[in-house]
Amino acid sequence: MNGLKYSIYFLGLLFACSSPSTENSEDAEVEGSEVRIVSLGGAITEVLFDLGLGDQIVGVDITSVYPEAATQIPKLGHVSQLNAEAILGLNPSIIFAEDEPGAKKSLESLSESGLPIEFVPSSENLDRAYKLGKFIGQKLEVPEGKVEEIYKKIEKDSLNLVEVLEGTEGKPSVLFLYARGTERLMVAGKNTSADAVIGYAGGVNAVQAFDGFKILSPETLVESQPEIILMFKTGLASLDGKEGLSKLPGIAETPAMKNDRIIAMDGYFLLGFGPRQAEAVVELAQKIHKQKVTAYLDH
């Protein structure tokens with residue numbers, strides 16, 4: 001499905017359930033200028049900053065790396081290994097956390113403290129940040145128009161994506177490889193965030209035999225024969241770059257390595273599903289389809 005038909009179909013999927021709304025702070029549960037927020041999720045933190053609430057954040061998890069100001073806020077560790085006493089010591093008014101088993105288990109000891117804990121629904125839709133903004137706006141006082149600004153940015157980036165994809169032919173096969181040195185190498189199968197992003201960018205996941213992540217094996221490489229290998233910048237660096245990657249069993253024989261089609265992007269930018277997600281997919285689409293990357297290079 002290409003051209004105009006693809007554009008209409010894509011936008012219909014993206015915004016079928018979304019529309020700008022001013023319904024954000026009328027029913028806020030936590031009010032006042034002394035609100036103290038703990039944010040446990042990189043996308044949550046970025047949305048809070050976009051909503052103008054960054055100066056009210058008193059603690060974040062280690063995935064909160066954007067914007068730069070977020071790196072100056074006290075870190076509370078990984079969301080699955082949190083120190084309840086450290087959180088209480090920050091005297092927060094409210095906690096926002098990703099709705100995942102690790103976070104719920106870590107925060108279980110705080111459930112009887114009376115402290116509001118809001119678990120944010122996860123999603124792999126490009127408009128997730130807008131829905132997250134509306135969710136936060138139902139709990140906190142948000143400056144007027146801020147939620148709509150997030151919507152407009154996603155809409156603009158999504159239209160840019162449609163424009164990029166309209167001029168493409170075919171869907172290159174892309175293998176997402178997660179690496180932390182040679183000791184931890186995993187590939188993304190179906191129903192993963194990487195699978196979703198590759199699809200949005202006009203590619204097809206090279207691994208269709210399983211769901212989730214599995215350890216990289218020579219058999220997987222033989223079966224998938226990816227035209228492109230996609231990695232985090234930190235992952236590629238942990239292998240000492242392309243040269244180190246080429247030394248992994250089976251990698252040198254892939255079309256991706258033979259044709260030097262290795263794409264490395266910032267991990268959170270690529271798979272964070274925050275306000276810049278559609279922006280990241282635009283950049284990935286341009287790289288996949290060998291178009292000039294017109295923006296978003298410094299991530």
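Computed over heavy atoms, backbone and side chain alike; hydrogens, waters and symmetry mates excluded.
Residues that satisfy the side-chain hydrogen bond (donor to acceptor under 3.5 Å, both in side chains) test with Asn205, not counting sequence neighbours, are Asp195. Annotation: salt bridge (charged side-chain N to carboxylate O under 4.0 Å, His left out) contacts of Glu227 (sequence neighbours excluded): none.
Judged by distance alone, with hydrogens and angles left aside, the side-chain atoms of Gln225 form a donor-acceptor pair with the main-chain N or O of Leu221 at under 3.5 Å. Remark: the backbone N or O of Ile154 is paired with a side-chain donor or acceptor of Ser158 at under 3.5 angstrom. Ser80 contributes no side-chain N or O that, together with a main-chain N or O of Gly102, makes up a donor-acceptor pair within less than 3.5 Å.
Leu175 and Pro226 make their closest contact through CB-CB, 3.6 Å (heavy atoms, listed as atom of the first residue, atom of the second, distance). The two residues Ile37 and Phe96 make their nearest non-hydrogen contact at CG2-CD1, 3.8 Å. Taking every heavy atom of both residues into account, Phe213 and Phe210 meet most closely at C-CE1, 4.4 Å. Contact detail for Met257 and Ile251: the closest heavy-atom pair is CB-O, 3.2 Å.
Tested against Leu48 for a side chain to side chain contact (heavy atoms under 4.5 Å, CB included), the candidates Asp55, Val142, Leu132, Ile57 yield a single pass: Ile57.
If you check the side chains of Glu46 and Tyr268, you find a donor sitting under 3.5 Å from an acceptor.
Atom OG in Ser238 sits 10.5 Å away from atom CD in Glu183 (nearest 0.5 Å). Annotation: the span from Thr220 atom OG1 to Leu177 atom CG amounts to 10.5 Å, rounded to 0.5 Å. Atom CG of Leu245 and atom CD of Glu243 lie 11.0 Å apart (nearest 0.5 Å). Summarising the geometry, atom OH belonging to Tyr130 is positioned 13.0 Å from atom CD belonging to Glu149; distances are rounded to the nearest 0.5 Å. Expressed to the nearest 0.5 Å, how far CD1 of Ile44 lies from CD of Glu118 amounts to 10.5 Å. Interatomic distance, Leu239 CG to Thr182 OG1, rounded to the nearest 0.5 Å: 7.0 Å.
Legend: salt bridge (charged side-chain N to carboxylate O under 4.0 Å, His left out) pairs involving residues 63-89, not counting sequence neighbours: none detected.
Cation-pi check for Lys139 over Phe135 is met; the charged atom lies under 6.0 angstrom from the ring centroid and within 45 degrees of its normal. With a 6.0 Å cutoff to the six-membered ring centre and a 45° limit on the axis angle, Arg276 counts as a cation-pi contact of Tyr66.
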- Message: Determine whether Glu98 and Arg128 satisfy the following criterion, salt bridge (Lys or Arg N to Asp or Glu O under 4.0 Å), listing intermediate values before the conclusion.
- Response: CA-CA 12 Å; Glu98 296 286 356; Arg128 192 233 176 173; 2.7 Å; yes
- After noting the C-alpha distance and the side-chain angles of Asp240 and Lys247, does the key distance pass the salt bridge (Lys or Arg N to Asp or Glu O under 4.0 Å) rule? CA-CA 10 Å; Asp240 296 325; Lys247 295 177 181 178; over 6 Å; no
- Message: I'd like to know whether Phe232 forms a ring-ring contact (aromatic ring centres under 6.0 Å, His included) with Phe269, so could you lay out the CA-CA distance, the side-chain angles of the two residues, the decisive distance to 0.1 Å, and finally the verdict.
- Response: CA-CA 10 Å; Phe232 292 159; Phe269 180 58; over 10 Å; no
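Note on Tyr178: it does not cluster hydrophobically with Val207, by side-chain heavy-atom contacts below 4.5 Å among ILVMFWY residues.
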